[in-house]
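These figures come from a predicted structure and were not determined experimentally.
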Amino acid sequence: MVSDHHYYQRRAMQEQVAARNALTEEGRERRLALAQMYREKLAALTA
């Protein structure tokens, strides 16, 4: 089973890549927002 830490870290990275590859500005912004959400969840785990 993957730990929460690794899951949030992996998802944040995946969303960053998806944001770079997004075809529209709206898609890019949504992916960046998701990446930020995962980074915040990751930070809450380590706080």
Side-chain angles (χ1 to χ4, degrees):
M1 182 172 169
V2 178
S3 72
D4 288 343
H5 176 81
H6 287 117
Y7 174 78
Y8 290 138
Q9 187 175 35
R10 184 181 78 235
R11 291 295 295 141
M13 292 293 291
Q14 288 172 334
E15 293 301 336
Q16 283 291 129
V17 170
R20 271 184 264 147
N21 296 326
L23 298 176
T24 65
E25 184 62 26
E26 182 179 283
R28 180 180 154 311
E29 289 173 4
R30 176 68 181 144
R31 295 296 192 157
L32 288 174
L34 286 170
Q36 181 63 32
M37 179 192 70
Y38 285 120
R39 282 193 299 271
E40 288 169 3
K41 288 182 182 235
L42 183 59
L45 285 176
T46 58

Legend entry - Separation between CD of E29 and CG of L34, rounded to the nearest 0.5 Å: 12.0 Å
Legend entry - Heavy-atom side-chain contact between T46 and H5 under 4.5 Å: yes
Legend entry - Approximate separation, where rounding is to 0.5 Å, of K41 NZ and Y7 OH: 8.5 Å
Inset, instruction - Report yes if the side chains of T24 and R28 come closer than 4.5 Å at any heavy-atom pair, otherwise no. - result: no
Inset, instruction - Find the distance between CG (N21) and CD (Q16) and round it off to the nearest 0.5 Å. - result: 11.5 Å
Legend entry - Within 6.0 Å of CD in E26, more than 12 heavy atoms from elsewhere: no
Legend entry - Shortest non-hydrogen contact between A35 and A12, atoms and distance: CB-O, 3.8 Å
Inset, instruction - Would you mind checking if R11 and E15 are paired as a salt bridge, meaning a charged N to carboxylate O distance below 4.0 Å? - result: yes
Inset, instruction - Is it possible for you to say whether L42 and Y38 belong to one hydrophobic cluster, with membership spreading through side-chain heavy-atom contacts below 4.5 Å? - result: yes
Inset, instruction - Kindly give the heavy-atom pair with the smallest separation between A22 and G27, and that separation in Å. - result: CB-C, 3.9 Å
Legend entry - Separation of R31 CZ from Q14 CD (nearest 0.5 Å): 9.5 Å
Inset, instruction - State whether the number of non-hydrogen atoms from other residues, nucleotides or ligands found under 6.0 Å of M37 atom CE is greater than 12. - result: yes
